[in-house]
Trainee: 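So that we are looking at the same thing, I have put the structure below in structure tokens.
Just so it is clear: chains get the letters A, B, ... in the order the sequence lines come, proteins before strands, and each one is counted from 1.
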Amino acid sequence: MPDVKNILLVGVGGQGTILVGKILSNGLMSAGFDVKMSEVHGMAQRGGSVSNQVRYGKKVFSPIIDKGQADILVSFETMEALRWLEYLSPKGKAVVNDYRIPSAPILTGKSDYPEGILAVIKSKVATTVIKAAEIAQNIGNPRTMNIVLFGALVRGMELTDIEWEKVIAGIVKAGTAEINIEAFRAGMKAGEI
Amino acid sequence: MGRTLLTGNEAVARGAYEAGVTYAAAYPGTPSTEIMENIAMYKGDILAEWAPNEKVALECVIGASLAGARVMATMKMVGVNVAADPLFCAAYAGVNGGLVLVSADDPGLHSSQNEQDNRYYAKFAKIAMVEPSDSQEAKDMVLAALEISEEYDMPVLFRMTTRVCHGKSLVETSERRQVEPKPYVKNLQKYDLIPAVSRKLRVGLEEKLKQLEEFSNNTNLNFIEWKDKRIGVISSGVAYQYAREVFGDQASYLKLGFTNPLPLDKIKAFAKEVGTLYVVEELEPFIEEQIKAAGIACLGKEKIPNIGELAPAIVAKALRGEKRSTIDYDQASIPNRPPTLCAGCPHRGFFYELSKLKNIMVTGDIGCYGLGGSDPLNAKDTSYDMGASISMGYGAQRVFERSSSNLRTISTIGDSTFFHTGINSLLHVIYNGGKTITCILDNRITGMTGHQENPGSGFTLQGVPTKIVDIGELVRVLGINHVRTVNPLKLNEVREAFTWALELDEASVIITRWPCVLKKLSSDDRKEFGDYLGKCAVAEEVCIGCKMCIKTGCPALRFNKEIKKVKIDETQCAGCEVCLQVCPVKAIRKVGE
């Protein structure tokens, strides 16, 4: 299925990957694509590793992305990028948030947060590193970090023709459209690098 | 109507609405939960309810069917085990209004204790079964299933899997059809399953299955896509999507949407036309075994694993020898990220104190509090099925007593799980004079599945205020003489309760009562518990780096190895004060109250 594109969003439960998946799939649908999406619920949340998979094209069959198949991997947390890297195509792009959330074994001192992750990823594949938390903080709402990353994703996938700002305004909580659009624009800009 | 992007669960709810369902019941369980949550939104048209367990849900639905309505029950696959008794009865008795039972299976065990393939229930109970492979089919097959149910007078098993339930795809929606309830007719020869009646119904059921096999051969729920005939693929559910992805136009497909009874004539005709015949199934060889038993040569589980979820890559490797290129890197060095109890979780203080007790066996149960068994709390010995904590704990306690072991058992069970089947187990303890310690962790909501109301929470699924079961009163009335309710955030209260219970020679119940930190508090909750005020913070100059607080497993606490001090992430901290009580040097203080 060469005409099907694969976007893999990964992070930690509670980081807002599901909202980004929703915005993304709604926009793609409005642009006339067949879209399928897969997400995890239940036990897999509660601070665990989460993924949100979006596939689009003329006709999509499988709702899940295979290892080595993602055109872009957007990781909301640094270490998660490494965990899911095998799903990224060797020809794909990685968008990595420079933002650490230590997992339970790290918090209890059983493991250390791995160093040099960004260097490893950069040595393997085209990589954009985003300091989304900082950008969101500067905009004035740390909770828009996920939308900053979404902006970088749109830039990375060259999906800029879709009217994303309208889609965002239709989905985010009432009263937060403006700041989320600002976050989206900042993410687009950061994704250019 | 337009096209919308829906999960399979949302699509089933939409299908129930469009097909004229008027009554539906469920017990929540991943990956099925959102079906009933979405049905509940059609308030004026469908009465949707949470039942205390799946058996009750199915029985309510059977009664509503007999009264003439189109009905639906939904549950996760292990819930069907609980509901199996009425299911087998309903197979014999048949229906009045159409009856669909949705079983949401969980290949890959994303959120379950096993990986059972519930398609065997259709064969076992001798009922019809449909299997959608995407959201459009999930919606459309509800109407088809209800019509089959009414036409052939039997319940229909609607079998989904995690990827169909939680996968989103485009769905064409339409209007609701109003279906008037059929009149109720008393009919002992159909609904009174005494042996004399059931013997006759048993014969009739076999006759219905024969007619259904004919239906199966003719329905367009089972369709053929002719492409390259050198390879033929028979598949159902999401596995069909994977096969289509892998073989594209290089194979012909017999896609089965109606899978019990199988369309053996159609399968034979298809097999004759193709070269190599593959059966692509997720989990067990349900279709393959029957095809082979009918003398048709095919390949299936010789090549495709029966363990875990399928994926296109697994099918491609197994049947075409294809290996996709991936980025090569060291994965072993990445620390795990297991789910944990949230910052501010009321279970933390309870499990922290439990973990310090010696000579105990902790029987656990199904819910968030299962995470109390993970590092660093490690306060759990077992976890089986809903309600098992109390009965398994009882059985173990009896053996410890008879073998003069000094081990005591402590059972831990959540409020919703206690209502589910824990009550029955506690009755056994009381009736048989056991002395187990049952801890009911009442966080005022059904937590793990994402906050569903339950008989203790004060509201129905559709938001109607209702009676609240008082767990303390309930267990007293059942016959427990020793009941204590504690605030699990107060470690001394928890500790004292354990000491008190362990000294008793009779059964006791400890209730921990505090709302889930993620719960949207009701006005009653707010009155009783108030909001958390302030956050905890570490006075760095006082912290001695002993890591006692880290042993609570709170994800808001960070130990800085370089300076050997703990820091609290204020965005995560809920201000529950458990760490504050654990600190031996009072380095943790409350700020911003």
Trainee: Does some side-chain heavy atom of A:D112 sit less than 4.5 Å from a side-chain heavy atom of B:K561?
Mentor: yes

Trainee: Flag yes if more than 12 heavy atoms outside A:E163 fall under 6.0 Å of its CD atom; otherwise flag no.
Mentor: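 Counting other residues, nucleotides and ligands, CD of A:E163 stays at 12 neighbours or fewer.
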
Trainee: For the side chain to side chain donor-acceptor pair (under 3.5 Å) test, which of B:R163, B:K168, B:H166 pairs with A:S38?
Mentor: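 Among B:R163, B:K168, B:H166, the one that satisfies the side chain to side chain donor-acceptor pair (under 3.5 Å) with A:S38 is B:R163.
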
Trainee: At a heavy-atom separation under 4.5 Å, does B:K551 approach chain A through its side chain, its backbone, both, or neither?
Mentor: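 Neither part; nothing is under 4.5 Å.
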
Trainee: Is the number of heavy atoms from other residues, nucleotides or ligands under 6.0 Å of A:R143 CZ greater than 12?
Mentor: no

Trainee: Side chain, backbone, both or neither: which part of B:T4 has a heavy atom under 4.5 Å from chain A?
Mentor: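 Just the backbone, heavy atoms under 4.5 Å.
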
Trainee: Looking only at heavy atoms and a cut-off of under 4.5 Å, which of A:G92, A:S103, A:P63 has the most pairs with chain B?
Mentor: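 Option with the greatest count: A:S103.
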
Trainee: Under the 3.5 angstrom rule, does the side chain of B:Y242 hit a backbone N or O of A:S62 as a donor-acceptor pair?
Mentor: no

Trainee: Considering only heavy atoms and a distance below 4.5 Å, find which of A:V60, A:D34, A:V54, A:L107 pairs most often with chain B.
Mentor: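 Between A:V60, A:D34, A:V54, A:L107, the count favours A:L107.
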
Trainee: Flag the one option from A:I117, A:L88, A:V120 with the top tally of heavy-atom pairs under 4.5 Å to chain B.
Mentor: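 The candidate making the most pairs under 4.5 Å is A:L88.
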
Trainee: At a 4.5 Å cut-off on heavy atoms, which part of B:L557 comes close to chain A: side chain, backbone, both, or neither?
Mentor: backbone

Trainee: Is it the backbone or the side chain of B:L310 that comes under 4.5 Å from a heavy atom of chain A, or both, or neither?
Mentor: backbone

Trainee: Which bit of B:R558 comes within less than 4.5 Å of chain A, counting heavy atoms only: side chain, backbone, both or neither?
Mentor: both

Trainee: So which residue, A:K22, A:E80, A:Q53, ends up with the most heavy-atom pairs under 4.5 Å with chain B?
Mentor: A:E80

Trainee: In terms of heavy-atom proximity below 4.5 Å to chain A, should B:P31 be classed as side chain, backbone, both, or neither?
Mentor: neither

Trainee: So which of B:N336, B:T162, B:V246, B:D375 has the biggest tally of heavy-atom pairs under 4.5 Å with chain A?
Mentor: B:N336

Trainee: So, the side chain of A:R83 versus the backbone of B:Q331: is there a donor-acceptor pair under 3.5 Å, distance only?
Mentor: no

Trainee: Measure distances from B:L518 to the heavy atoms of chain A and classify the residue's part below 4.5 Å as side chain, backbone, both or neither.
Mentor: side chain

Trainee: Hey, what do you get for CD (A:Q69) to OG (B:S325), rounding to the nearest 0.5 Å?
Mentor: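 Answer rounded to 0.5 Å: 11.0 Å.
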
Trainee: Of the listed residues (B:S333, B:P376, B:A313, B:G450), which shares the most heavy-atom pairs with chain A below a 4.5 Å separation?
Mentor: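 Of B:S333, B:P376, B:A313, B:G450, B:A313 has the most heavy-atom pairs under 4.5 Å with chain A.
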
Trainee: Name the region of B:D569, side chain, backbone, both or neither, that has any atom closer than 4.5 Å to a heavy atom of chain A.
Mentor: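 Answer is neither: B:D569 stays 4.5 Å or more from chain A.
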
Trainee: Does any heavy atom of chain B fall under 4.5 Å from the side chain of A:V35, the backbone, both, or neither of them?
Mentor: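 Interface part for A:V35: both.
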
Trainee: How far apart are the closest heavy atoms of A:F61 and B:E245, and which atoms are they?
Mentor: CB-OE1, 3.6 Å

Trainee: Is the CD atom of B:E570 crowded by more than 12 outside heavy atoms at less than 6.0 Å?
Mentor: no

Trainee: Tell me every residue that passes salt bridge (charged side-chain N to carboxylate O under 4.0 Å, His left out) with A:E115, counting only those two or more places apart in sequence or in another chain.
Mentor: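 In terms of salt bridge (charged side-chain N to carboxylate O under 4.0 Å, His left out), with neighbours along the sequence ignored, A:E115 is linked to A:R100.
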
Trainee: More than 12 heavy atoms of other residues, nucleotides or ligands under 6.0 Å from NZ of B:K565: yes or no?
Mentor: yes

Trainee: Which bit of A:F33 comes within less than 4.5 Å of chain B, counting heavy atoms only: side chain, backbone, both or neither?
Mentor: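 Just its backbone gets close to chain B.
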
Trainee: Please classify the contact of A:S89 with chain B as side chain, backbone, both or neither, using a heavy-atom distance under 4.5 Å.
Mentor: backbone

Trainee: Quick check for you: to the nearest 0.5 Å, what is the distance between A:Y113 atom OH and B:I334 atom CD1?
Mentor: 10.0 Å

Trainee: Are B:P339 and A:S49 packed together at the side-chain level, in the sense that at least one heavy-atom pair is separated by less than 4.5 angstrom?
Mentor: no

Trainee: Any side-chain to backbone donor/acceptor pair from A:K124 onto B:D328? Under 3.5 Å, distance only.
Mentor: yes

Trainee: Measuring from B:C165:SG to A:E39:CD, what's the distance to the nearest 0.5 Å?
Mentor: 12.0 Å

Trainee: With a 6.0 Å cut-off (strictly less than), is the heavy-atom count around NZ of B:K519, excluding the residue itself, greater than 12?
Mentor: yes

Trainee: Out of B:T33, B:D330, B:I327, B:T326, which one racks up the most heavy-atom pairs below 4.5 Å with chain A?
Mentor: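 Most pairs with chain A among the choices: B:I327.
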
Trainee: Can you find a pair of side-chain heavy atoms, one from B:Q241 and one from A:K36, that are under 4.5 Å apart?
Mentor: yes

Trainee: Given that the side chain runs from C-beta out, which part of B:C554 has a heavy atom under 4.5 Å from chain A: side chain, backbone, both or neither?
Mentor: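 For B:C554, the backbone is the part near chain A, not the side chain.
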
